[in-house]
Amino acid sequence: GSVVFSHRTAALIHGLWLLDDDDRVHTSQVKKPKRAVAGRRRHTRILAAEEITEVNGLRTTTIERTIIDCAKSMHPRDALVVADSGMRALVRPRRDSPNRTARETEKLRARLLTLAEEGDRRNLRQARAVLAYADPRSESPFETVVRWIGVSRGLPKPTLQPRYVIDGYEHYPDLRWRLHVVKDGKVVRTITLLCEYDGKVKYIPGATDGTGADRELSERVMAERRRQNRLTSLPDTFMERFDSSDLADEGAIFQRLCSRFLPSWVAGLRPVPELLGPPRH
């Protein structure tokens, strides 16, 4: 058969992150189908043999092709979530080899940008923006969303998983934004904002019996507090923590991201329209 699973359905088959609410089955085929089928979205196009793979017996587009298709067809927020997780699957980033991770990421990004230029040119500018900002070091879809809220509204690209060693403890916060305050050509101050996305898993203990579970949970919370205290003991370093209850109000998240920086600098930030996309409800 010439029918291949593609777009978000291929992302699902590959086990990539998905946050959109499209529940249709997406397929690609060479010939235009004779009639529409409920719950299906059929894309008509010719795929090269190297753009098709098999996962658990299902013919599907490769991860690279899937990233491009989603970057051109989804809201940029949801496309960035797919692109981060797709790049993560292909690069397999490691905190202890940042140089290798950076090299592999840029090689992959160049391949994806080339692939995006081929075929359907609709939403090409959006796809370029999504690929330019995608990062395999993102460790959860919601961490990606916090980053997207910042960069789509004009914050520069943050550093993901930066390494800190403080008092012999090694820490990798999720995101780091830095602002160098320059006066008379000299950096007089560096403001650092660290961000963490707290998934429920972080604080759910493995133990199930009442007392043991409570003790383990309180130890985890205390360890996390000590970790935050070590990081924010550094000069001009602040931390903002987010969880799932924050994500509904993107404007409030952006305000919190900007609150530690100079108002005059924040006033000069300009959104990236191709990354921001249409308003989401």
Side-chain angles (χ1 to χ4, degrees), residues 19 71 74-81 83-84 102 109 125-135 137-164 166 171-199 224-225 227-281:
L19 287 184
M74 285 181 166
H75 187 281
R77 181 199 80 157
D78 303 328
L80 189 64
V81 166
D84 277 3
R109 195 187 313 280
R125 286 171 65 178
Q126 172 182 300
R128 285 179 188 144
V130 167
L131 296 174
Y133 282 90
D135 197 312
R137 294 171 297 178
S138 179
E139 295 193 343
S140 86
F142 303 109
E143 182 188 314
T144 294
V145 170
V146 171
R147 186 172 102 254
W148 169 79
I149 289 169
V151 296
S152 65
R153 288 158 176 79
L155 282 174
K157 284 185 190 179
T159 302
L160 279 71
Q161 312 297 331
R163 180 174 182 261
Y164 284 89
I166 307 165
H171 299 306
Y172 294 88
D174 293 340
L175 301 167
R176 177 178 71 198
W177 271 282
R178 271 198 171 146
L179 171 61
H180 299 297
V181 182
V182 179
K183 201 170 180 181
D184 301 328
K186 282 193 189 137
V187 175
V188 292
R189 185 183 170 201
T190 299
I191 301 169
T192 300
L193 173 67
L194 303 176
C195 293
E196 291 274 293
Y197 180 83
D198 295 324
E224 192 56 40
R225 191 168 293 164
R227 174 177 177 272
Q228 177 165 335
N229 289 343
R230 279 192 288 271
L231 287 163
T232 54
S233 70
L234 301 171
D236 269 332
T237 299
F238 307 95
M239 174 145 340
E240 288 285 345
R241 310 191 78 98
F242 300 97
D243 62 38
S244 57
S245 65
D246 297 307
L247 294 179
D249 193 341
E250 293 171 0
I253 288 184
F254 186 60
Q255 282 181 323
R256 283 174 61 189
L257 293 177
C258 293
S259 65
R260 306 296 188 174
F261 298 117
L262 305 183
S264 57
W265 179 76
V266 172
L269 297 177
R270 293 290 170 267
V272 180
E274 298 82 10
L275 202 58
L276 189 57
R280 298 181 62 264
H281 301 295

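Keep in mind it's a predicted model, so treat the numbers as computed, not measured.
- Between V188 and K183, the closest heavy-atom pair is CG1-CB, 3.7 Å.
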Working for side chain to side chain contact (heavy atoms under 4.5 Å, CB included), residues I253 and L247: CA-CA 7 Å; I253 288 184; L247 294 179; 3.9 Å; yes

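- The closest side-chain heavy-atom distance from R163 to H171 is not below 4.5 Å.
- Not a single donor-acceptor pair under 3.5 Å links the side chain of R77 to the backbone N or O of I149.
- Residues L194 and T192 have side chains in contact (heavy-atom distance under 4.5 Å, counting atoms from C-beta outward).
- Residue L155 is tested with V266, L257, L193 for a side-chain contact (heavy atoms from CB on, under 4.5 Å); the sole match is L257.
- Side-chain contact annotation: R241 with Q228, donor-acceptor N/O pair under 3.5 Å present.
- Nearest heavy atoms, L269 versus C258: CD1-SG, 4.1 Å.
- Judged by distance alone, the side chain of S233 and the main-chain N or O of L231 form no donor-acceptor pair under 3.5 Å.
- Closest approach of A71 and A79 over heavy atoms only: CA-CB, 3.7 Å.
- For the pair H75 and L276, the minimum side-chain heavy-atom distance is 4.5 Å or more.
- Annotation: side chain of V146 is in contact with side chain of L175 (closest heavy-atom distance under 4.5 Å).
- Side-chain rings of F242 and Y197 stay apart, their centers remaining 6.0 Å or farther from each other.
- Minimum interatomic distance between E240 and S259 (heavy atoms only, all atoms of both residues): OE2-OG, 3.9 Å.
- In this structure, D84 contributes its side chain and V81 its backbone to no donor-acceptor pair below 3.5 Å.
- Checked by atom type and distance alone, the side chain of S140 pairs as donor or acceptor with a backbone atom of E143 at under 3.5 Å.
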As a quick check of understanding, evaluate side chain to side chain contact (heavy atoms under 4.5 Å, CB included) for E274 and R128, giving each step before the final call. CA-CA 9 Å; E274 298 82 10; R128 285 179 188 144; over 6 Å; no

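- Counting only heavy atoms from C-beta outward, the side chains of T237 and I191 never approach each other to under 4.5 Å.
- Within the cation-pi definition used here (under 6.0 Å to the ring centroid, within 45° of the axis), R153 qualifies as a partner of W148.
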Show your reasoning for whether salt bridge (Lys or Arg N to Asp or Glu O under 4.0 Å) applies to D135 and R147. CA-CA 10 Å; D135 197 312; R147 186 172 102 254; 5.4 Å; no

Go through L262 and V181 one step at a time and tell me if the side chain to side chain contact (heavy atoms under 4.5 Å, CB included) criterion holds. CA-CA 9 Å; L262 305 183; V181 182; 4.0 Å; yes

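- At a threshold of 4.5 Å between non-hydrogen side-chain atoms, the residues P76 and Y133 do not count as touching.
- Using modelled atom types, no side-chain atom of Q161 and backbone atom of S138 make a donor-acceptor pair closer than 3.5 Å.
- When only modelled atom types and interatomic distance are considered, R227 and Y164 share no side-chain donor-acceptor pair under 3.5 Å.
- Between D198 and D243, the shortest heavy-atom distance links the atoms O-CB, 3.6 Å.
- Evaluated for a side chain to side chain donor-acceptor pair (under 3.5 Å) with D236, the options R260, R178, R189 yield exactly one hit, R189.
- Smallest separation of non-hydrogen atoms from P162 and R176: CB-NH1, 3.5 Å.
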How far apart are the C-alpha atoms of V272 and V151, what are their side-chain angles, what is the distance that settles it, and do they pass the side chain to side chain contact (heavy atoms under 4.5 Å, CB included) test? CA-CA 8 Å; V272 180; V151 296; over 6 Å; no

